[in-house]
Amino acid sequence: MAKGVMIVAEQRDGALRKISLELASTARKLADQTGDEVSAILLGAGIEGLAAELGKFGVDKVFVGDNAALEPYVTEAHADATAKIIKDNDPAIVLFGASVQGKDLSARVAAKLATGLATDCTDVKVDGGKMVATRPMYAGKCFGEIVIEATPQIASLRPNVFPAAENAKAGAVTKVDVAVEAQKSKVLEVQKDTSGKVDLTEANVIVSGGRGMKGPDEFKILEELADVLKGTVGASRAAVDAGWRPQKDQVGQTGKVVSPNLYIACGISGAIQHLAGMSSSKCIVAINKDAEAPIFTKADYGVVDDLFKVVPELTAVCKKLVA
Amino acid sequence: MNIIACVKQVPDTEAQIKVKADGSGIEEGQIKWVMNPYDEFGVEEALKLKEKNGGDVTIVCVGPARAMETIRTALAMGADKGVHISDPAFDNADAYVIANALAAVIKTLPHDIIFCGQRAIDDDAGQVGAMLAEALNVPQLTIVTKLEYAGSSVKVIRPIEGAQLSIETALPCVVTCQKGLNEPRYASLPGIMKAKKKPVDVKNAAAIGVATDAKAKVAKTVPPPARPPGKIVCGDEPAQKAAELGRLLREEAKAI
Ligand SMILES: Cc1cc2nc3c(=O)[nH]c(=O)nc-3n(C[C@H](O)[C@H](O)[C@H](O)COP(=O)(O)OP(=O)(O)OC[C@H]3O[C@@H](n4cnc5c(N)ncnc54)[C@H](O)[C@@H]3O)c2cc1C
Ligand SMILES: Cc1cc2nc3c(=O)[nH]c(=O)nc-3n(C[C@H](O)[C@H](O)[C@H](O)COP(=O)(O)OP(=O)(O)OC[C@H]3O[C@@H](n4cnc5c(N)ncnc54)[C@H](O)[C@@H]3O)c2cc1C
């Protein structure tokens with residue numbers, strides 16, 4: 001009988017990604033309901049040392065697949081190894097991160113195991129021995145409660161939604177031999193973003209600008225506010241399509257889906273496609289001179305005024321608050 | 001080149017989505033149906049490849065009778081032919097079932113490259129491309145923003161969190177398209193006229209021989225959790241509003 005909760009940890013450049021700790025904590029909570037074990041899959045090269053940190057966040061046992069051919073991430077190599085470890089250990093539930101890599105990998109692994117997958121979930125629980133995963137559908141206009149009628153039950157969790165809480169367990173390492181066949185795909189180059197900013201999907205604070213910013217240079221005032229709050233700047237599609245911001249900054253239905261603690265929308269009207277990308281943010285602030293703008297229906301705090309006057313003042317206020 | 005583009009018909013992004021009273025799904029009555037926006041990028045990229053390298057573009061779609069309109073849209077953009085997999089048995093399909101249905105058809109067609117959207121904007125699963133690649137036992141390149149074709153391989157750009165990957169893959173492979181890849185064309189009037197005569201093969205589940213039981217089931221559809229009503233921050237001057245907002249964020253929301 002399939003038993004226990006397994007997570008598929010994600011690391012890059014020898015460091016665990018934050019989502020891995022969110023997965024560990026969430027798995028711990030689920031497993032504690034049934035008194036089961038939490039295990040983790042950790043793949044890469046020279047990464048055994050990371051197992052201890054997974055242990056700190058609630059993982060009992062870590063399956064480490066160490067092979068130079070697993071670095072950098074290539075889908076088919078990771079999918080083969082991940083599916084094999086899952087098959088050999090027969091967990092009831094498997095959790096992935098709904099990161100770019102996690103989404104790429106989870107769907108391939110689910111297909112290999114001929115099971116179902118609930119993507120980008122914002123809640124998971126165990127009810128009557130079965131996983132129930134809640135996920136936004138139709139761009140968050142409704143939510144579906146998904147059950148998987150096959151084994152294992154797989155879900156991927158939206159980054160930044162589930163808390164990562166320490167809960168020390170053994171994190172005992174089991175080494176797994178991972179054979180990697182010749183791959184048809186090859187990573188030629190990894191071009192790192194050198195801005196030093198956290199990606200929007202992982203940011204705690206996002207300051208976003210829209211058409212109301214008037215031009216690319218005006219985003220400087222958002223950069224300044226974001227710097228003070230240790231946040232990242234995002235944009236509406238209007239700002240991206242105008243060429244003011246790069247595509248990677250776009251939040252929304254055809255951009256990124258984000259869940260920061262604080263989302264500050266400046267000069268963004270709140271079109272339904274924009275709301276689709278940010279309505280799972282914990283606290284939403286809207287700064288817009290039009291009191292009728294739809295963004296105010298989603299905002300926890302609204303400021304009806306000229307953003308060019310409010311934002312610099314807010315930056316000054318925040319500077320004092322965080323000092 | 002033999003190019004395949006998978007397209008799904010989805011509710012227009014502006015559509016009001018109402019959950020049925022019994023939680024069994026959504027009310028379909030008032031919805032305007034369109035091609036999934038990400039699939040427009042796939043069709044466009046397929047047409048660009050064809051224009052440069054010759055070959056033909058086949059559209060494959062699983063969906064009810066109304067989905068034929070979306071196939072015709074792709075044909076009007078310039079695709080050559082279509083396969084419409086239509087059967088009420090797919091009504092409660094999941095990504096796994098859809099991917100296997102697409103694979104069953106694509107296996108019978110010559111294929112060098114297969115385009116999907118990176119996700120469908122209704123179910124937002126983002127699974128079909130990868131599952132299809134597995135079913136065809138070919139590599140997958142998901143969330144692609146740039147593609148260069150070089151004979152027996154392709155080179156793509158994939159943005160990931162905080163970096164961009166440049167990846168090379170041997171064909172055949174599945175590519176899932178992200179915004180930024182290209183600017184989809186509109187169907188021209190002559191294109192629309194021509195599309196009416198282009199061949200579309202309609203097949204049911206039995207004809208393609210796939211199982212239709214979903215592995216993932218939507219047990220219940222619920223409206224989004226209600227957000228408590230927001231506050232408009234008071235003050236006479238921008239400076240006062242900023243100060244009050246700062247205070248609220250600090251003391252009430254504990255967000256800074
Ligand atoms: C298929 C599809 C997909 C889409 N995907 C996305 C997506 O992923 N993300 C996205 O964002 N959009 C998306 N859109 C576009 C969306 O419909 C809107 O057009 C877009 O979000 C509008 O951007 P905006 O709010 O910046 O601009 P506008 O709607 O023009 O709003 C500008 C706002 O700025 C305010 N303003 C102007 N000057 C000031 C000032 N000085 N001070 C304060 N406020 C000011 C105005 O009052 C106004 O509310 C999509 C559309 C379609 C059809
Ligand atoms: C409650 C419920 C009821 C449903 N009822 C129906 C129904 O009656 N009829 C129906 O057809 N579907 C129905 N579906 C949708 C079907 O289950 C989805 O197509 C499937 O889950 C795939 O997920 P996705 O659409 O999010 O695809 P994603 O994985 O997000 O899609 C990625 C890409 O895969 C390709 N793709 C996806 N689906 C198709 C398709 N159907 N044809 C061609 N290419 C595709 C597209 O290129 C798309 O951009 C229903 C889903 C739910 C949850």
Side-chain angles (χ1 to χ4, degrees), chain A residues 75-76 99-101 103-104 107-108 111-112 115-120 137-150 184-193 199 201-202 229 247-248 253-254 261-262 272-273 283 298-305 309-310 313-314 317-318 321-322, chain B residues 11 13-14 17 19 26 37 94 96 99 121-127 130-131 133-135 139-140 142-143 145 159-170 179-180 214-224 227 230-233 238-239 241-243 245-246 248-250 253 255-256:
Chain A
T75 312
E76 292 82 58
S99 55
V100 178
Q101 177 176 316
K103 281 192 204 162
D104 183 73
R108 184 95 190 201
K112 272 186 197 298
T115 185
L117 160 64
T119 326
D120 209 18
M137 298 193 335
Y138 299 94
K141 292 177 208 168
C142 68
F143 281 63
E145 294 185 359
I146 314 292
V147 293
I148 311 284
E149 308 279 352
K184 288 183 183 148
S185 297
K186 193 170 143 208
V187 177
L188 303 175
E189 198 195 343
V190 181
Q191 203 183 0
K192 285 195 188 141
D193 172 14
D199 189 75
T201 57
E202 297 169 328
L229 297 174
Q247 176 62 49
K248 72 173 173 57
Q253 195 160 21
T254 44
N261 272 329
L262 176 59
I272 196 128
Q273 300 92 347
C283 177
K298 288 282 168 193
D300 299 292
Y301 302 104
V303 178
V304 184
D305 212 325
K309 295 195 181 125
V310 176
E313 297 285 355
L314 182 61
V317 169
C318 291
L321 285 174
V322 299
Chain B
T13 53
E14 302 281 347
I17 300 295
V19 174
I26 59 155
D94 64 351
Y96 182 74
I121 61 155
D122 51 356
D123 300 312
D124 273 333
Q127 301 176 12
M131 289 186 162
E134 173 62 22
Q140 72 198 51
T142 58
I143 316 193
T145 55
I160 60 171
E161 298 87 357
Q164 279 207 341
L165 306 180
S166 161
I167 305 182
E168 187 176 51
T169 290
K179 179 168 180 267
K215 309 278 182 190
K217 295 209 169 115
V218 184
K220 208 162 125 198
T221 312
V222 294
R227 275 188 102 88
K231 276 187 192 164
I232 293 294
V233 177
K241 292 179 189 173
L245 175 60
L248 288 166
L249 290 177
R250 178 72 159 204
I256 50 178

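None of these values were measured; they are calculated from a predicted model. Letters go in sequence order (proteins before strands), and every chain restarts at 1.
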At a heavy-atom distance under 4.5 Å, which candidate from A/Thr201, A/Val322, A/Leu321 has the highest pair count against chain B? A/Leu321
Point-to-point distance, once rounded to the nearest 0.5 Å, from CG of A/Asp300 to CG of B/Leu249: 9.0 Å
Could you tell me which portion of B/Val222 (side chain, backbone, both or neither) has an atom closer than 4.5 angstrom to a non-hydrogen atom of chain A? both
Check each atom of B/Pro224 against the heavy atoms of chain A and say whether the ones under 4.5 Å are side chain, backbone, both or neither. both
When rounded to the nearest 0.5 angstrom, what distance separates CE in A/Met137 from OG1 in B/Thr221? 5.0 Å
Would you indicate whether the side-chain heavy atoms of B/Pro159 and A/Lys248 approach each other to under 4.5 Å? no
Among A/Val304, A/Val147, A/Val187, residue most engaged with chain B (heavy-atom pairs, under 4.5 Å): A/Val147
Side chain, backbone, both or neither of A/Lys186 within contact of chain B (heavy atoms, under 4.5 Å): both
Honestly, the part of A/Val100 sitting under 4.5 Å from a heavy atom of chain B is both
Tell me if a side-chain donor or acceptor on A/Glu149 pairs with a main-chain N or O of B/Lys217 at a distance below 3.5 Å. no
Is it the side chain or the backbone of A/Ile148 that comes within 4.5 Å of chain B heavy atoms, both, or neither? both
Is it the side chain or the backbone of B/Ile143 that comes within 4.5 Å of chain A heavy atoms, both, or neither? side chain
Between the side chains of A/Gln273 and B/Glu14, does any donor sit under 3.5 Å from an acceptor? yes
Evaluate the criterion side chain to side chain donor-acceptor pair (under 3.5 Å) for residue pair A/Gln253 and B/Thr13; output intermediate values, then yes/no. CA-CA 8 Å; A/Gln253 195 160 21; B/Thr13 53; 4.6 Å; no
With the side chain counted from C-beta on, respond yes when B/Ile160 and A/Gln101 share a heavy-atom pair under 4.5 Å apart, and no when they do not. no
How far does CD1 of B/Ile26 sit from SG of A/Cys142, to the nearest 0.5 angstrom? 6.5 Å
Please flag which part of A/Ser99 lies under 4.5 Å from any non-hydrogen atom of chain B: side chain, backbone, both or neither. both
Atom CD of B/Glu161 and atom CD of A/Glu202: how far apart are they, to the nearest 0.5 Å? 5.0 Å
Heavy-atom proximity to chain B below 4.5 Å, by part of A/Glu189: both
Rounded at 0.5 Å granularity, tell me how far CD1 in B/Ile17 sits from CD1 in A/Ile272. 8.5 Å
Anything under 3.5 Å between a donor and an acceptor, one on a side chain of residues 162-169 of chain B, the other on a protein residue two or more places apart or in another chain? List them.
{"residue": "B/Thr169", "atom": "OG1", "partner": "A/Ser185", "partner atom": "OG", "Å": "2.7"}

Taking all atoms of both residues into account, what is the closest heavy-atom pair of B/Gln127 and A/Thr119, and its distance? NE2-OG1, 2.6 Å
When rounded to the nearest 0.5 angstrom, what is the spacing between NZ in A/Lys309 and NZ in B/Lys241? 9.5 Å
